[in-house]
Amino acid sequence: MLVRGVGLGKSYRGVGGEPVRVLNGVDLEVKPGEFVAVIGPSGSGKSTLLNLLGLLEPPDAGEVWFDGERVSHLSRRAQSRVRGASIGYVFQSFLLIEALTALENVLLAARYVGRDRQAAEPEAIALMERLEVAHRRGHYPSQLSGGEQQRVAYCRAVLNNPPLLLADEPTGSVDDQHAQAILSEMRGRVRERGTSVLLVTHRPEVSGQADRTLRLCAGRIESGYAGGRGRPEQGNSTNAPASGFRGEDLRD
């Protein structure tokens, strides 16, 4: 397995300071070159799960493994090196730097891992051309539409060709044409580079592109099915790893 979560648990402070359990005993595996979609209603814990697997937040319980190594117990600095070298993340809210142009935002990925900007720039522009935002490379985020910002954020996430791509609603702000362009680019990476993709979406037409789909609801992986369109398999199936979830998830 490329990335594996074992017994993942997470709680947050709720109203009155009481802890609200978000994830409890989640098991999830993604193989090299596998495209997995996670679907479910708002508040079901999808983004929290991505954050734990992407080493952006520490789990309260359980472990995250990456390429055979337990990484959830590494120092924050060591985890940052793993993220920079091996994980691309498409954030739902884009998280572009307002003081940087679109191209400079994409090139941040190269800077994080010490790549030479001059060498990385042609690749960045080629990516932006494929997603039809290269003509906006000199513009700042405030001058871009939401869909353009999302495509720029996607280019930043994949510039370093990470073996794992985590994508939180990567087509949520784009029209159907550009959503298809992002998905085609993603599938190309899976097919040609062996990239693993774990994607969160509310859109059936997006999850239908995946090799495997998992449904997360009220803090529980309820079902999984192959091909994105197959019949859900309930409970402890090979497509939906058994989960020890209990309680309700109030985070998306």
Please check: side-chain N/O of [X] versus main-chain N/O of [Y], any donor-acceptor pairing under 3.5 Å?
X: Arg136; Y: Gln143; value: yes
X: Asn105; Y: Ile97; value: yes
X: Arg115; Y: Ala120; value: no
X: Lys10; Y: Pro58; value: yes
X: Ser80; Y: Arg76; value: no
X: Gln150; Y: Glu169; value: yes
X: Arg13; Y: Gly17; value: yes
X: Glu63; Y: Ser72; value: no
X: Asp211; Y: Phe35; value: yes
X: Ser196; Y: Lys31; value: yes

Nearest non-hydrogen partners of [X] and [Y], listed with the distance:
X: Arg4; Y: Glu29; answer: CD-OE2, 3.0 Å
X: Pro141; Y: Gln149; answer: O-NE2, 3.4 Å
X: Glu185; Y: Leu127; answer: OE2-CD2, 3.6 Å
X: Ser142; Y: Glu98; answer: N-OE1, 3.4 Å
X: Ala102; Y: Met128; answer: CB-CE, 3.9 Å
X: Pro163; Y: Ser86; answer: CD-O, 3.2 Å

Next item on the list: Would you sort out whether Arg156 and Tyr112 count as a side chain to side chain contact (heavy atoms under 4.5 Å, CB included), showing the intermediate values?
Entry: CA-CA 11 Å; Arg156 179 183 60 190; Tyr112 288 153; 5.8 Å; no
Next item on the list: For side chain to side chain contact (heavy atoms under 4.5 Å, CB included), just list the numbers for Arg130 and Arg151, CA-CA rounded to whole Å, side-chain angles, deciding distance to a tenth of an Å, and then say yes or no.
Entry: CA-CA 10 Å; Arg130 288 203 293 275; Arg151 283 175 278 156; over 6 Å; no
Find out whether [X] and [Y] are in side-chain contact, i.e. whether some heavy atom of one side chain is under 4.5 Å from a heavy atom of the other.
X: Leu100; Y: Tyr140; result: no
X: Ser173; Y: Glu148; result: no
X: Leu131; Y: His178; result: no
X: Glu57; Y: Tyr12; result: yes
X: Glu69; Y: Leu74; result: yes
X: Leu2; Y: Val30; result: no
X: Arg137; Y: Ile125; result: yes
X: Val152; Y: Phe94; result: no

At what distance, to the nearest 0.5 angstrom, does [atom1] of [X] lie from [atom2] of [Y]?
X: Gln209; Y: Leu199; atom1: CD; atom2: CG; result: 10.0 Å
X: Met186; Y: Thr171; atom1: CE; atom2: OG1; result: 8.0 Å
X: Arg191; Y: Ser184; atom1: CZ; atom2: OG; result: 8.5 Å
X: Glu129; Y: Cys155; atom1: CD; atom2: SG; result: 10.5 Å
X: Leu108; Y: Leu95; atom1: CG; atom2: CG; result: 11.5 Å
X: Ile39; Y: Arg203; atom1: CD1; atom2: CZ; result: 14.0 Å

Margin query: Testing the 3.5 Å rule here: is there a donor-acceptor pair between the side chains of Tyr89 and Asp168?
Written below: no
Should [X] and [Y] be counted in the same cluster of Ile, Leu, Val, Met, Phe, Trp and Tyr side chains packed under 4.5 Å apart?
X: Ile182; Y: Leu96; value: yes
X: Leu23; Y: Leu166; value: yes
X: Tyr154; Y: Ile87; value: no
X: Val64; Y: Val38; value: yes
X: Val6; Y: Val26; value: no

Check: Are there more than 12 heavy atoms of other residues, nucleotides or ligands under 6.0 Å from atom CZ of Arg117?
Finding: yes
Check: Does the pair Leu53 and Leu8 meet the rule for a side chain to side chain contact (heavy atoms under 4.5 Å, CB included), with working shown?
Finding: CA-CA 9 Å; Leu53 294 174; Leu8 293 177; 4.0 Å; yes
Next item on the list: Start with the C-alpha gap between Arg83 and Val71, add the side-chain angles, then the distance that decides, and say whether side chain to side chain contact (heavy atoms under 4.5 Å, CB included) holds.
Entry: CA-CA 10 Å; Arg83 282 198 308 273; Val71 293; over 6 Å; no
